[in-house]
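Numbered from 1 within each chain, the chains take letters A, B, ... in sequence-line order. Computed from a predicted model, the values in this text were never measured in an experiment.
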Amino acid sequence: MASQYCPQEIDEKWQQRWEELGIYKAIDNDSKPKFYSLVMFPYPSGDLHMGHMRVYTISDVISRHRRMQGFNVLNPMGWDAFGLPAENAAMKRKLHPESWTKENIRYMRDEQLKKLGTSYDWAREVTTCDSNYYRWTQWIFLKMYEAGLAVRKSAPVNWCPECQTVLANEQVENGACWRHPETPVEQKQMHQWFLKITNYAEELLADLDTLKGWPERVRVMQQNWIGKSQGAELFFKVKEHPELQVNVFTTRPDTIFGVSYLVLAPENPLVAKLTTPECKAKVDEYVEQSKKKTELDRMTAEKTKTGVPTGSHVINPFNGEAVPVLVSDYVLMSYGTGAVMGVPAHDERDFAFAKVFNLPVTEVISASGSPTTDGLKAAFLEQGVMLNSGEFNGMGSAEAKLKMIAWAESNKAGKAHTQFRLRDWLISRQRYWGCPIPLVHCEKCGINPVPEKSLPVILPVEGVEFTGEGGSPLKRMNDWLTVDCPKCGGTAQRETDTMDTFIDSSWYFLRYVDAKNPELVFAQDKVNYWMPVDQYVGGVEHAILHLLYSRFFTRALRDMGLVKCAEPFTNLLSQGMVTMYSPVSGRIEKMSKSRGNVVGTLDFFKKYGADAARLFTLFAAPPEQELEWNEDSAVGQYRFLGRIWRLVDELLEKGCIDSKQNAVTIDSEKLDAAGKALLKQVHKAIKAVSTDLGNAHYGFNTAIARCMELVNALYKYVQEVNPQGHSALLTFAIRNLLLIIAPMAPHISEELWHLCGFASGAQDSIHISSWPQFDDALTVDQDIELVLQVNGKIVNKVGVARGLDRQSAEDLAFGDDKMKAKLGGAQVRKVIVVPDKLVNVVI
RNA sequence: GCCGAAGUGGUGAAAUGGCAAACACGCUACGUUCAGGUCGUAGUGAGAGCAAUCUCUUGGGGGUUCAAGUCCCCCCUUCGGCACCA
């Protein structure tokens, strides 16, 4: 055995051996309890840095631990391989996106993920840009099309001029493209394909409550995003055009008697119909101006209200009053009906608007039920008592709300309505490197789906030219473009838009269960055996996008009878990001190439080994927290591993490791005091690490600390006691130390496991050994320190044997010299005894 | 503005309402070494004291409790989500 820890000589050896032995293969429909461990698959950008490695390490430790606990673990890996960066890189480097992507995958798989010592079942590898994956993406799309969940409609959409494509709402951040924070998105009215995620809005929101294994912050983010508001849709007839009516959505139908005007969004088609000839010039100008504003402008513009009258009026269905209709850009076309009733007395924005346009402020709710004496200074937003509201006067506003909705319904003046903020998912992309949408446009028969038997619609690879101009290169691929209409057989054209890459990742976890099936998207028995995912690990940046889409997909597939579960991910761990000082910004920021603060994986692995990298990312912070990369501290983990190595080396040298000894425990009674103490340390460490790795918070940092304590205890023992003659105890300690650290440091533990002779042969591995048991009785300290307090302040600590009864503890406290001094002769009011912990005397 | 998470030594952090700072990084000393590194051992929250020891300490202020980093209320700061959402 080398006396020095040399990861360079052991890491790759074991990585290869594990692969040969196939010990990480998951077995479908095995009788052992299953554990589906999933980590968010990477985009093959070409290089993983330490920031990425954290998430794979965390998920790998969970998988390894469960495997040792006897679970049939599914721990797969794949590639989210479609997407814009490949296309942009291809244009820049004159490569095809496919070769660029495939080469990146090879490098990231073979040179990075495998060298981290991950335990993936590579037989299930999935690559979303492979036609044997995306044919099923297309198949699911067609199923959704049949179910009416994929629809083509005209809608205002977000266009990123930089990406040259439309984007989903979820991909717009602060009014800018998620890939280009400097580029504001433009609003365009376009015919596009949408998935009707809104059909599931209610369920997606309500079921968040069932996700007890998800972090609160992620649930709240999804809640905010779905954004449910309850209220009513109310109908206003147009005075000048009795055949027209304007519907508004409001959460406050109880304020309807306070309506003093109505506002339309500039994009609302009713604007043209309601504008009178006298007002047309000004309205047209206003609408033109607001069209020029990007969403970003409209959001960041000062909140002073602007607007123009249309010249028309609508009639309040509750009191028959005619109120003017105006146009203003504070009303959004994309939310509700694109029209709002103006109630200045009870809405802040309406109040501000009324002040600018000098509109009446009619108070209809007040705290007391009588009007405010000197006029409202601001909108009154709270609940209260109704006034100026006809038959509803005197009612509480909450009650009036229900009564008024009922009145509206029976008088055909409105109806109860729940409004969601969530919008349908725009999935068309005017780009090449994505999954083709399997549809055909025929001049005679319109839009037809590609028949199932003709799938996949292969994305053409040969002869594609990337000019960066004139839209998607697919539009110029005439051979590919022209196709027989599946319905009439005439000449037709393929759809040239591709799908949003988030579609690919919305179901990949379902394909892993049956990754190579050529006949089916996945077999029923397999998907029902493995799903749902037991532990998902990934970054919080996907809290809305990917996680919401996957929840939607799983529900849609459930309704088609393809899966049984509604929620795909039972437990979710959102790991914090890895940060480091950035010389670009001068701040500590998320590790990224553009910020110039990345630590490459290979250099570190070469110098200190994969285990040190793994231990550092696990040890430096709890998994949900941010972690600042610190080279010194990471090297500290390398030293810790060296300490283990030398300890085992020394014990082997001295013949203190007995490879045959594999007792479950050691008889404590036969040990001397030092031996008992060490044995206790071992059982305590097993217990603590089992708890830390087994609970929902995954205390990897404390688990490693416990291992360090055990190593420290072993050093102390070996120094104080001649280890010779104690081989049974020392073997037991080393054996268990290696087992409990194995999930976190898989290479060194495997090497030492074999060097100690604990493996049954070259075919054996520590990683398929059983997780060790601990004896709870042996973890209990028999000698404890009883804390003596007066009024909760510590006065003294005395060593006593465990199990001292209350009375003896109290006597002991009152007999203690320091306590006596502290108490003086004061009157004792109360004595609290917490057995084996403390005595608190209250004076 | 609404919602959520967090705030503990020089640093990363740890603490089922019951001894605050486990475990590390860093630093200091000693040993090993020609020396440096490595390695090993010890020390290391702040203040006072030669010392035993004492006092203070978990963003700030109140409260509950025999006992609060932990529970409750108010405030401050930082980070994150939503935001002219009717």
Side-chain angles (χ1 to χ4, degrees), chain A residues 4 173-174 215-229 231 248-253 255 262-263 265 298-299 301-305 328-332 334-343 346-350 352-353 381 419-422 540-541 543-544 574 576 615-616 619-622 624-637 639-640 642-643 646 688 691 699 701-712 715-716 719 784-797 829-834 836-843:
Chain A
Q4 180 103 37
E173 291 170 2
N174 297 320
E216 168 81 5
R217 60 173 165 165
V218 175
R219 295 206 310 249
V220 168
M221 279 163 80
Q222 293 214 355
Q223 236 169 52
N224 286 344
W225 188 261
I226 297 170
K228 179 179 178 175
S229 299
V248 301
F249 170 71
T250 178
T251 54
R252 298 295 304 274
T255 64
L262 194 141
V263 202
R298 255 166 96 160
M299 274 171 19
E302 283 179 49
K303 306 269 164 97
T304 38
K305 301 286 178 283
S328 173
D329 64 4
Y330 86 90
V331 176
L332 308 173
S334 52
Y335 184 78
T337 61
V340 164
M341 63 183 209
V343 186
H346 302 288
D347 182 282
E348 270 178 61
R349 292 149 302 173
D350 296 350
F353 191 79
L381 306 176
Q419 181 68 41
F420 290 96
R421 210 192 68 95
L422 181 71
V540 76
E541 66 272 19
I544 292 170
S574 287
L615 285 191
F616 173 74
F619 181 72
E624 304 218 77
Q625 247 173 66
E626 231 174 60
L627 180 155
E628 193 187 336
W629 180 264
N630 178 327
E631 187 92 14
D632 288 345
S633 187
V635 173
Q637 298 302 318
R639 291 208 295 260
F640 169 57
R643 238 165 107 75
R646 287 188 303 276
T691 313
N701 53 340
T702 45
I704 292 169
R706 296 292 93 85
C707 293
M708 287 171 166
E709 279 178 319
L710 178 56
V711 171
N712 291 345
Y715 264 85
K716 196 170 165 219
Q719 200 172 54
I784 53 152
E785 274 197 328
L786 195 67
V787 176
L788 306 182
Q789 296 180 328
V790 172
N791 288 347
K793 298 228 181 234
I794 296 155
V795 172
N796 202 5
K797 301 168 190 177
R829 289 168 47 202
K830 205 172 177 183
V831 181
I832 292 155
V833 180
V834 182
D836 295 332
K837 282 234 169 83
L838 59 80
V839 179
N840 186 14
V841 179
V842 187
I843 53 174

Any donor-acceptor N/O pair under 3.5 Å between A86(B) base and R252(A) side chain
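By the distance-only test, no, there is no pair.
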Please confirm whether any donor atom in the side chain of K305(A) sits under 3.5 Å from an acceptor in the base of C84(B), or the reverse.
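Present.
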Conformer about C1'-N of G9(B) - syn within 90° of 0, anti elsewhere
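Glycosidic conformation of G9(B): syn.
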Residue [X], side-chain atoms from C-beta onward, closest of [options]:
X: M708(A); options: C85(B), U16(B), C23(B); result: C23(B)
X: Y715(A); options: U41(B), A86(B), G18(B); result: U41(B)
X: L332(A); options: A86(B), C23(B), C19(B); result: A86(B)
X: K797(A); options: C25(B), U16(B), C19(B); result: C19(B)
X: I544(A); options: C82(B), C84(B), A22(B); result: C82(B)
X: Q719(A); options: U41(B), C3(B), C23(B); result: U41(B)
X: V220(A); options: G4(B), C23(B), G40(B); result: G4(B)

Partners passing side chain to side chain donor-acceptor pair (under 3.5 Å) against S574(A) (at least two apart in sequence or in another chain):
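So S574(A) forms no side chain to side chain donor-acceptor pair (under 3.5 Å) with any residue.
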[X] [atom1] to [N] [atom2], straight-line distance once rounded to whole Å:
X: E348(A); N: C2(B); atom1: CD; atom2: P; result: 10 Å
X: E709(A); N: A14(B); atom1: CD; atom2: C1'; result: 10 Å
X: N796(A); N: U53(B); atom1: CG; atom2: C1'; result: 13 Å

Are [X] and [N] close enough that a side-chain N or O sits under 4.0 Å from OP1 or OP2?
X: T251(A); N: C85(B); answer: no
X: Y330(A); N: A86(B); answer: no
X: R643(A); N: C23(B); answer: no
X: R646(A); N: G40(B); answer: yes

So do the side chains of L788(A) and V839(A) get within less than 4.5 Å of each other, counting heavy atoms only?
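Yes, close enough: below the 4.5 Å cut-off.
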Any heavy-atom pair between the side chains of I704(A) and L615(A) that's under 4.5 Å?
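They are in contact (side-chain heavy atoms under 4.5 Å apart), so the answer is yes.
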N/O-N/O pairs, protein side and nucleotides 26-30 of chain B side, under 3.5 Å:
{"from": "G26(B)", "atom 1": "OP2", "to": "R639(A)", "atom 2": "NH2", "distance (Å)": "3.1"}

Nearest-Å distance once atom [atom1] is located in both [N] and [M]:
N: G61(B); M: G12(B); atom1: C1'; result: 30 Å
N: C72(B); M: G7(B); atom1: P; result: 14 Å
N: U28(B); M: G81(B); atom1: P; result: 42 Å
N: G80(B); M: U11(B); atom1: C1'; result: 24 Å
N: C27(B); M: G60(B); atom1: P; result: 30 Å
N: U57(B); M: A20(B); atom1: C1'; result: 9 Å

Which range-with-range stems can be found for RNA chain B when each stem has 3 or more Watson-Crick or G-U pairs in a row and both distances sit under 3.5 Å?
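For RNA chain B the paired stretches long enough to count as stems (3 pairs minimum) are B:1-7 with B:76-82, B:10-12 with B:23-25, B:26-31 with B:39-44, B:45-48 with B:53-56, B:59-63 with B:71-75.
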Table of protein N/O atoms under 3.5 Å from nucleotides 8-13 of chain B N/O atoms:
{"from": "G12(B)", "atom 1": "O2'", "to": "A620(A)", "atom 2": "O", "distance (Å)": "2.3"}
{"from": "A13(B)", "atom 1": "OP1", "to": "Q625(A)", "atom 2": "OE1", "distance (Å)": "3.0"}

Is it true that the side chains of R421(A) and N224(A) contain a donor and an acceptor less than 3.5 Å apart?
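No - no donor-acceptor pair under 3.5 Å links their side chains.
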Return the polar atom pairs (N/O with N/O) between nucleotides 62-66 of chain B and the protein under 3.5 Å, or none.
{"from": "C66(B)", "atom 1": "OP1", "to": "K830(A)", "atom 2": "NZ", "distance (Å)": "3.1"}
{"from": "C66(B)", "atom 1": "O2'", "to": "N840(A)", "atom 2": "ND2", "distance (Å)": "3.1"}
{"from": "C66(B)", "atom 1": "O2", "to": "N840(A)", "atom 2": "ND2", "distance (Å)": "2.7"}

Short question: side chain of [X], backbone of [Y] - any donor-acceptor pair under 3.5 Å?
X: Y715(A); Y: R643(A); answer: yes
X: N701(A); Y: F619(A); answer: no
X: N791(A); Y: I843(A); answer: yes

Show the nearest heavy-atom pair for residues A543(A) and Q222(A), with the distance to one decimal.
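In terms of heavy atoms, the two residues are closest at O-NE2, 2.9 Å.
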Toward the 5' end of RNA chain B, which comes first, R349(A) or E216(A), by nearest nucleotide?
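Result of the comparison: E216(A).
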If you find the nucleotide of RNA chain B closest to Q223(A) and the one closest to E785(A), which residue's nucleotide is nearer the 5' end?
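On the 5' side of the pair lies Q223(A).
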Taking only residues two or more places apart in sequence, or in another chain, which ones meet F249(A) in a ring-ring contact (aromatic ring centres under 6.0 Å, His included)?
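With sequence neighbours excluded, F249(A) shows a ring-ring contact (aromatic ring centres under 6.0 Å, His included) to H417(A), given in chain and number order.
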